[in-house]
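Each chain gets a letter, A, B and so on, in the order its sequence line appears, and its residues count up from 1.
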Amino acid sequence: MEHIRTPKVEQVKLLDRFSNKSTTGTLHLTATHLIFVESNATSAQELWILHHHIASVEKLSLTTSGCPLLIQCRNFRVVHFVVPRERDCHDVYSSLLRLLRPVSYDELYAFSYNPKQNEQQRDEGWQLIDLGAEFERMGVPCDQWQLTDVNRDYKVCETYPRDLYVPITASKPIIVGSSKFRSKGRFPVLTYFYQERKAAVCRCSQPLSGFSARCLEDEHMLQAISKANHNNRYVYVMDTRPKLNALANRAAGKGYENEDNYSNIRFQFVGIENIHVMRSSLQKLLEVVGTRSLSVMDYLVGLENSGWLRHIKAIVDAAIFLTKAVTVEGASVLVHCSDGWDRTAQVCSLGALLMDPYYRTIKGFMVLIEKDWISFGHKFADRCDQLDGDPKEVSPIFTQFLECVWQLTEQFPQAFQFSEWFLIQIHEHIHSCQFGNFLGNSQRQREELQLKERTYSLWDHLLSEQQLYLNPVYSPSFAETHPVLEPSTQPWNFKFWRNMYHQFDRSMHPRQSILKNTVMLKENSKELEIVYLCKTYLLLSWSYILSLYTLPVHSVHPGSLFGEERTVEGSSATENGYGEIKGSFGSKSEPAIVSLEFGVARMTC
Amino acid sequence: MEFAELIKTPRVDGVVLHRPFLPTVEGTLCLTGHHLILSSRQDNTEELWLLHSNIDAIEKRFIGSLGTIIVKCKDLRIIQLDIPGMEECLNIASSIEALSTLDSVSLMYPFFYRPMFEVIEDGWHLFSPEEAFKDLESMTDEWRLSEVNKDFTVCPSYPSLVTVPKDIDDDTLCKAAAFRHGGRFPVLSYYHKKNGMVMMRAGQPLTGTNGRRCKEDEKLINATLRAGKRGYIIDTRTIAVAQQAKARGGGFEQEANYPQWRRIHKAIERSNILQESLIKLVEACNDQSNSMDRWLSKLEASNWQSHVKEILTTACLAAQCIDRSGASVLVHGTEGTDSTLQVTSLAQIILEPACRTIRGFQALVEREWLQAGHPFQQRCAQSAYSNGKPRSEAPVFLLFLDCVWQILRQFPCSFQFNEHFLITLFEHAYASQFGTFLGNSAAESRVKLKLSRKTVSLWSWVNRPQELERFVNPLYEPNSLVIWPSVAPQSLLLWEGVFLRWNRSTKFLDEAYEEMVHIIEYNKELQNKVNSLRRQLAQLETEDSPLQTP
């Protein structure tokens with residue numbers, strides 16, 4: 001609290017970034033949130049912005065109406081306040097600057113957030129996802145793959161989890177030797193086992209091969225992976241980097257596998273760009289779509305120049321390559337990039353999602369994230385900028401993964417148990433630091449922070465409200481007919497994800513949503529089923545015990561439960577900027593009634 | 001039969017048909033005067049019946065004596081026919097070429113088509129100007145139906161009956177007509193019941209370089225203004241284009257002569273540019289290169305989405321003037337038969353809930369496109385694959401449908417019809433067994449071609465309950481509000497149902513749609529069941545009420 005100089009500023013204007021609309025209200029600054037309360041008595045909307053969500057605060061030059069404050073959030077919200085007095089503006093500005101740059105983990109919201117659960121409930125929340133059980137589900141350990149305790153104390157690789165699965169023929173010396181030949185000690189381990197063909201998806205980091213170095217243990221390690229698959233001796237080694245990047249790494253004593261030194265491997269580059277390219281790509285994309293009165297030409301040119309969709313497509317292409325190798329050829333695949341925690345995580349997890357219908361369910365998707373992202377050490381703290389750190393480490397790698405999944409849901413609308421709201425909500429929380437799951441960079445660090453004792457699990461929270469995230473047209477039988485998804489990668493299949501990047505820009509969205517409507521009808525049907533049963537029962541009762549009892553008939557009124565409450569769109573014409581009408585008689589904007597999908601911050605505090 | 005001369009080889013066996021996402025079919029190819037038919041002559045296999053008029057272009061290829069004809073259709077489909085025998089292939093190709101480019105309208109298929117269904121409601125008589133005027137009369141008495149154009153001499157592209165201000169006599173109309181391009185004097189397009197404001201449309205004023213004026217024209221449009229009120233003139237062209245038009249005798253309304261009107265210029269492109277845009281867009285969609293950058297840059301270069309945005313924006317502006325600023329509007333471009341109609345018809349979709357029903361939309365197309373003299377025959381003669389020199393072809397109507405689809409996507413519950421209905425209209429505008437879209441104006445279709453007697457109306461078919469079912473949007477809930485679409489580029493989508501229709505499999509999307517329909521229908525069924533139970537219970541309650549009282 002010591003950082004808050006002015007807890008409350010009145011008569012602050014909130015400007016819509018795409019129109020000339022504005023609302024006036026009061027700005028409150030709390031230890032965790034920036035809150036704007038509209039002063040209009042009838043609607044009095046509230047806007048809650050978590051400090052952790054704020055990526056940047058800018059004080060723009062003074063105008064006649066006051067001092068503008070531009071706040072950009074990591075969940076793609078952009079708010080533009082105008083504070084009447086410069087002094088107040090400066091106070092808010094400098095308070096925010098301090099608040100949004102926490103320097104220690106203890107300052108993060110997760111450590112103060114309290115959902116009113118007791119210890120037992122908290123523990124149960126953390127026990128929801130059990131990766132040991134997940135490997136069992138895949139059929140591991142088995143006659144070819146075993147659990148190794150070599151990393152029990154994080155001695156071999158401190159960014160890996162404790163429990164790792166390796167081929168039975170990979171002895172400890174081989175593992176240790178291989179880990180010494182791999183960047184950050186990230187030696188090849190199992191991440192997904194395709195039971196039907198006994199083919200494995202393994203992951204690691206780049207070899208420290210330089211121009212000519214080799215390592216017998218590492219070669220043995222790959223041999224062991226090859227031997228573990230009786231169906232196909234060949235192991236695909238997918239280097240997910242562009243060839244040029246891999247070549248450049250050789251000069252630093254790193255690099256890629258030399259096919260001559262490894263027997264039975266097929267080496268393949270797939271060309272996904274690095275974190276820096278992705279960061280600037282998203283930046284460019286956001287700049288373009290944040291432009292007011294954007295023309296179609298500038299939009300499409302900007303979309304192309306940002307390269308964003310090209311990168312998304314590259315990741316999906318790589319996942320498809322992986323899936324084909326495993327499911328069609330029955331070959332095992334080893335995936336790596338440089339350190340094996342960004343591109344490798346994207347490709348492995350997306351590939352598994354294509355191969356295994358379980359990961360397309362709500363619970364399964366959580367397991368997938370827990371396995372390929374959290375446990376294998378995707379550096380969420382660095383990539384999502386949780387603590388004041390190196391800005392060059394920030395990158396939307398996980399966002400890209402969520403977007404790839406969304407692109408797939410567009411092609412296979414019945415294959416996923418969850419809707420895009422689920423993806424957007426997860427994205428919200430990788431930055432919110434409200435739950436412990438994504439804090440820190442590795443499992444080891446999470447244990448040190450004692451997250452399971454001091455914070456709550458997001459998965460528990462999401463499961464408790466999973467009704468909100470169900471895909472109404474999900475068909476469980478789709479998994480039977482299409483266990484493996486084969487998406488088309490024609491470029492026009494990849495679309496700009498408006499509901500993510502404009503989630504708070506309500507003027508951009510369809511005014512009526514098919515998804516929302518269908519969800520509502522489905523819910524309503526469930527209610528009606530109960531009402532129907534009740535009524536039938538009542539009717540029977542009536543005919544039997546007609547004269548004996550007086551029964552309350554109107555127990556439930558289905559209409560009021562769900563269906564008939566229908567918000568109708570509208571929004572004002574001026575909001576859309578069709579062009580200014582010249583002359584003295586400008587248009588008066590009427591109060592807009594807009595139904596919001598997920599625009600309103602759903603804050604759980 | 002004249003067609004016989006054009007058909008050198010009426011039948012070839014052993015022809016193989018390739019279609020995207022469908023199994024190949026081997027069978028017999030037959031050419032008739034109006035169709036290309038391919039049948040495997042086996043039960044339960046689909047036959048291909050393709051109207052010659054649907055064929056936009058063909059390409060021939062030979063490998064040895066095996067010929068291949070690639071048929072590119074106006075509905076953007078591309079099919080391939082492998083024909084054994086070089087002579088047969090050449091004959092078939094030249095016949096198709098000749099039959100698909102017949103010049104005479106009266107040889108078109110609609111004049112030969114006999115419906116296989118009973119016409120319950122004749123579409124030719126569903127939407128008359130008299131009927132529309134009756135509706136108007138119930139709201140206001142400020143307008144009258146004029147017969148000044150009854151023999152189509154005042155304005156050849158207008159219908160015989162037009163709605164004009166009550167106080168303006170036919171003489172004045174004639175003089176105003178002489179001052180407007182194509183004789184298209186300002187007529188009523190839409191009356192906004194909510195505030196009594198109106199939208200009118202016309203051709204450009206013929207001011208020429210020396211700034212000619214016409215008192216009657218000024219009087220005519222001023223008669224639509226309430227005392228002390230002003231109106232807007234929306235010129236669909238940029239000011240530069242409008243200036244240039246002066247040199248050719250056209251022009252725009254000078255402020256000095258129309259002091260009660262404010263002119264706004266927009267930038268909807270002319271027809272040849274739109275045609276080029278369509279060709280580029282379809283080429284981009286058919287590009288197989290699999291490169292994201294190439295796709296985006298081709299999409300951008302086609303400019304199609306820009307046209308969609310510009311047209312929608314202009315329509316929204318017109319609607320905004322009427323509904324929000326409470327002002328009347330006059331819309332025109334050059335001829336008043338293309339961009340003008342896009343704007344006036346879309347503005348009505350936005351403002352008037354009735355236009356969002358199936359019947360209302362038909363009435364709108366009839367009123368604002370067919371009666372209003374959009375030259376369908378000329379505009380839809382060729383589509384995206386034509387390599388002939390473009391004459392007056394342009395996807396003006398397709399762009400309108402695309403804009404409607406954009407609004408439909410943004411308000412998926414406010415339209416009684418679905419996307420399929422719009423696609424059907426697109427197909428029939430370019431090639432059809434029905435006469436609805438033949439001819440270029442009411443004069444031509446009604447008087448010269450006698451379409452209503454000699455052909456069947458598309459509406460007669462569409463409005464049959466069996467067909468109608470396919471066009472109904474299950475999500476529809478009547479919405480009495482004005483619907484304002486977003487025109488941000490991020491909100492505008494490529495109309496995949498038309499442009500990617502033949503390039504992708506929609507199996508999964510279709511199945512998901514079915515599931516959604518199922519959810520909706522199940523809910524309705526439950527509602528009905530519960531309601532009927534509730535009624536029964538209520539009945540019991542009242543019947544037995546004496547028992548209940550203690």
Side-chain angles (χ1 to χ4, degrees), chain A residues 18 289 294-297 299-301 303-304 309-310 313 411-414 472-473 475 488-492 494 496 498 502 507-508 510-512 514 517-518 521-522 524-525 528-529 531-532 535-536 538-539 542 546-547 550 553 558 568-571 573 576 578-579 581-583 585 587-588, chain B residues 230 262 264 285 290-293 295-297 299-300 305-306 309 313 316-317 319-321 324-325 327 409-414 475 477 479 481 483-484 486-492 494 500 504 508-509 511-512 515-516 519-520 522-523 526-527 529-530 533-534 536-537 540-541 544 547-548:
Chain A
F18 291 109
V289 300
L294 181 64
S295 76
V296 173
M297 205 168 81
Y299 168 64
L300 290 173
V301 169
L303 204 57
E304 185 194 337
L309 289 176
R310 190 181 64 225
K313 178 167 150 47
Q411 280 195 45
F412 304 97
Q414 295 195 274
V473 296
S475 156
S488 156
T489 59
Q490 284 288 325
W492 29 255
F494 297 88
F496 172 67
R498 186 181 53 200
H502 283 302
S507 65
M508 294 279 177
R511 304 302 203 269
Q512 295 168 326
I514 295 178
N517 253 281
T518 320
L521 285 177
K522 220 173 161 174
N524 177 240
S525 292
L528 283 176
E529 277 165 1
V531 175
Y532 181 68
K535 297 271 173 194
T536 314
L538 274 179
L539 202 61
W542 268 103
L546 249 183
S547 53
T550 316
V553 182
V568 193
E569 68 309 314
S571 94
N576 292 299
Y578 305 130
I581 297 181
K582 289 180 275 180
F585 43 119
S587 64
K588 254 183 270 160
Chain B
R230 291 201 291 182
R262 255 172 213 286
I264 303 174
C285 293
N290 213 12
S291 147
M292 182 54 79
D293 287 0
W295 158 246
L296 287 173
S297 77
L299 181 62
E300 180 262 311
Q305 297 295 92
S306 302
K309 179 175 157 75
T313 308
C316 290
L317 182 70
Q320 197 181 353
C321 292
R324 295 295 157 106
S325 305
R409 279 297 299 244
Q410 296 188 26
F411 295 88
C413 310
S414 299
L475 288 164
E477 291 276 344
N479 171 5
L481 296 176
I483 53 177
W484 299 107
S486 160
V487 294
Q490 298 96 309
S491 308
L492 303 177
L494 176 71
L500 298 175
R504 55 169 195 169
F508 299 140
L509 303 182
E511 285 169 5
E515 178 59 27
M516 184 196 75
I519 291 170
I520 296 165
Y522 178 63
N523 182 262
L526 273 176
Q527 295 267 16
K529 275 187 181 168
V530 168
L533 276 181
R534 192 179 292 145
Q536 288 180 44
L537 278 168
L540 278 174
E541 223 175 335
D544 304 317
L547 293 168
Q548 280 181 43

Asks: Is A/L303 close to B/E300 at the side-chain level, that is, under 4.5 Å between some pair of heavy atoms?
Replies: no
Asks: For B/E477 and A/N517, run side-chain contact (heavy atoms from CB on, under 4.5 Å): C-alpha distance rounded to whole Å, both residues' side-chain angles, the deciding distance at 0.1 Å, then the answer.
Replies: CA-CA 11 Å; B/E477 291 276 344; A/N517 253 281; 5.9 Å; no
Asks: So which part of B/L500 gets closer than 4.5 Å to some heavy atom of chain A, the side chain, the backbone, both or neither?
Replies: side chain
Asks: Which bit of A/K313 comes within less than 4.5 Å of chain B, counting heavy atoms only: side chain, backbone, both or neither?
Replies: side chain
Asks: Is there a side-chain contact between A/L294 and B/Q490 in this structure, where contact means two heavy atoms from C-beta onward sitting under 4.5 Å apart?
Replies: yes
Asks: Can you tell which part of A/Y532 gets under 4.5 Å to a heavy atom of chain B, answering side chain, backbone, both or neither?
Replies: both
Asks: If you measure from CD on A/Q414 to CG on B/L509, what distance do you get to the nearest 0.5 Å?
Replies: 9.5 Å
Asks: Indicate the atoms forming the closest heavy-atom contact of B/L526 with A/S525, along with that distance.
Replies: CD1-O, 3.3 Å
Asks: Can you sort out the partners of A/F412 under ring pair (Phe, Tyr, Trp, His ring centres under 6.0 Å), two or more places apart, ordered by chain and number?
Replies: B/F508
Asks: Answer whether the closest heavy-atom distance between the side chains of B/Q536 and A/L539 falls below 4.5 Å.
Replies: yes
Asks: Do A/R498 and B/S491 have side chains that get closer than 4.5 Å, going by heavy atoms?
Replies: yes
Asks: So, A/S475 versus B/E515: side-chain donor-acceptor pair below 3.5 Å or not?
Replies: no
Asks: How long is the straight-line distance from CD of B/Q410 back to CE of A/M508, given to the nearest 0.5 Å?
Replies: 10.5 Å
Asks: Tell me, for A/Q411 versus chain B, whether the close heavy atoms (under 4.5 Å) come from the side chain, the backbone, both or neither.
Replies: backbone
Asks: Identify the heavy atoms of A/P413 and B/A512 that sit nearest to each other, and give their distance.
Replies: CG-CB, 3.4 Å
Asks: Search all heavy atoms of B/N523 against all heavy atoms of A/L528 and return the closest pair with its distance.
Replies: ND2-CD1, 3.8 Å
Asks: Name the region of B/L475, side chain, backbone, both or neither, that has any atom closer than 4.5 Å to a heavy atom of chain A.
Replies: side chain
Asks: Measuring heavy-atom distances to chain B, does A/T518 have an atom under 4.5 Å in its side chain, in its backbone, in both, or in neither?
Replies: both
Asks: Name the option with the most non-hydrogen atom pairs under 4.5 Å to chain A; the candidates are B/K529, B/R504, B/M292, B/R409.
Replies: B/M292
Asks: Identify the heavy atoms of A/Q512 and B/P412 that sit nearest to each other, and give their distance.
Replies: O-CD, 3.1 Å
Asks: With side chains defined as the heavy atoms from C-beta onward, is the minimum distance between A/R511 and B/S486 less than 4.5 Å?
Replies: yes
Asks: Compare all side-chain heavy atoms of B/Q305 with those of A/Y299 and state whether any distance is below 4.5 angstrom.
Replies: no
Asks: Report the residues that fulfil side-chain contact (heavy atoms from CB on, under 4.5 Å) with A/E304, sequence neighbours left out, ordered by chain and then residue number.
Replies: B/D293, B/L296, B/S297
Asks: Please round to the nearest 0.5 Å and tell me the distance separating atom OG1 of A/T536 and atom CG of B/L537.
Replies: 9.0 Å
